[in-house]
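Note that the structure is a prediction, hence the values are computed from the model and not measured.
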Amino acid sequence: VSIFRADVRPKNAGGKTELDVVLVTGNMIETKSPMEARFKVYPARITEENLTSRSARDIADLDKSIPVQVAPEAVVELSGQPFAASAFTLVCPALAPWELRKPNLYVLEAQLVRHGKVVDTFYTQFGIRTVAVDTTRVRVNGRPAFLRGVAVHETFPGSDPSQPPSIEEIQRRDFQN
């Protein structure tokens, strides 16, 4: 049994943070016995050494665990099927939102435990932010955000998207217009 994915949807409310977590588990031995799910949250510590790491565990500050409460009881029900999704709500102290100048990130550690023994551990990173659009502005965490850059989608009126033009043709059209 292993964890394939952990989706995290954070929301700040009333001085605390709720994390809606969905664990997607694989059950290759097709056992039907329930397993305990354990969770920890860590602040991320980004350094030059771990900046390009593919593992969320590498950026977790494992010495600074953030206390987490789980509701309901953290049990993964294995139905004997090859894959299952289990939903949990974690509650922890208010986590700082991700901001452009202070990109607060966190790492969720999820573990599957059977008979007191850890069977699998999975790490994923997440940030807390809201994105909204009013009539004239994009807002991140309630503040106006200016999006820099050019949106070149390489879709042209009358073109067939199944037959995209070559890179050279795209660049030629861009520079001519």
*Would R129 and E99 pass as an ion pair if we require N to O under 4.0 Å?*
no
*Please tell me if the side chains of I128 and N104 come closer than 4.5 Å, counting only heavy atoms from C-beta onward.*
no
_Pair T121, E109 - check side-chain contact (heavy atoms from CB on, under 4.5 Å), show working._
CA-CA 7 Å; T121 303; E109 175 189 87; 3.8 Å; yes
*Under the side-chain contact (heavy atoms from CB on, under 4.5 Å) rule, what do V75 and M35 come out as? Steps first, then yes or no, please.*
CA-CA 6 Å; V75 175; M35 300 185 80; over 6 Å; no
_Is any side-chain heavy atom of L62 closer than 4.5 Å to one of Y42?_
yes
*Looking only at non-hydrogen atoms, find the nearest pair between A110 and I3 and report the distance.*
O-CD1, 3.5 Å
_Less than 4.5 Å apart, side chain to side chain, heavy atoms only: is that true for V107 and T124?_
no
*Give the C-alpha distance, both sets of side-chain angles, the deciding distance and a yes or no for salt bridge (charged side-chain N to carboxylate O under 4.0 Å, His left out) between R9 and D20.*
CA-CA 5 Å; R9 295 189 66 203; D20 292 330; 5.9 Å; no
*Might you work through the side-chain contact (heavy atoms from CB on, under 4.5 Å) test for L19 and F126, ending with a clear yes or no?*
CA-CA 10 Å; L19 305 173; F126 66 94; 3.7 Å; yes
*Is there a side-chain contact between V68 and K40, using heavy atoms and a 4.5 Å cut-off?*
no
*Do P67 and P93 touch side chain to side chain, with heavy atoms closer than 4.5 Å?*
yes
_Do Y123 and S55 make a side-chain contact, defined as non-hydrogen atoms from C-beta onward lying under 4.5 Å apart?_
no
_For A94 versus T17, what's the shortest heavy-atom pair and its separation?_
CA-OG1, 3.3 Å
_How long is the straight-line distance from CG of L51 back to CD1 of I59, given to the nearest 0.5 Å?_
9.5 Å
_Minimal non-hydrogen separation, G26 against F83, with atom names_ = CA-CD2, 4.1 Å
*For T130 and G142, work out which heavy atoms get closest and say how close.*
OG1-N, 4.0 Å
*Validation row, ring centre F39 to ring centre F88 under 6.0 Å*: yes
*R114, Q111, E36 screened by side-chain contact (heavy atoms from CB on, under 4.5 Å) with V119, the one that passes*: R114
_Between D120 and S2, a side-chain donor and acceptor under 3.5 Å_ = no
*For atom CZ of R5, decide whether the heavy atoms of other residues, nucleotides or ligands shown that lie under 6.0 angstrom number more than 12.*
no
*Determine yes or no for a side-chain-to-main-chain donor-acceptor pair under 3.5 angstrom, with Y106 supplying the side chain and A96 the backbone.*
yes
_Under 3.5 Å: donor-acceptor pair, side chain of N50, backbone of S53_ = no
*asked:* With clusters defined by side-chain heavy atoms of hydrophobic residues (ILVMFWY) lying less than 4.5 Å apart, directly or transitively, does V70 cluster with V8?
replied: yes
*Any Lys/Arg nitrogen of D134 or R137 sitting under 4.0 Å from an Asp/Glu carboxylate oxygen of the other?*
no
*Flag side-chain contact, heavy atom, 4.5 Å: E49 against D58*: no
*Give a yes or no on whether V138 and F146 share a hydrophobic cluster (residues Ile, Leu, Val, Met, Phe, Trp, Tyr; joining criterion: side-chain heavy atoms under 4.5 Å apart).*
no
_Please determine whether side-chain contact (heavy atoms from CB on, under 4.5 Å) holds for the pair T89 and V21, giving the CA-CA distance in whole Å, both sets of side-chain angles, and the decisive distance to 0.1 Å._
CA-CA 6 Å; T89 299; V21 176; over 6 Å; no
*Do V118 and L112 come close enough that some side-chain heavy atom pair is under 4.5 Å?*
no
*Could you tell me the separation between the NZ atom of K11 and the NZ atom of K16, rounded to the nearest 0.5 Å?*
10.0 Å
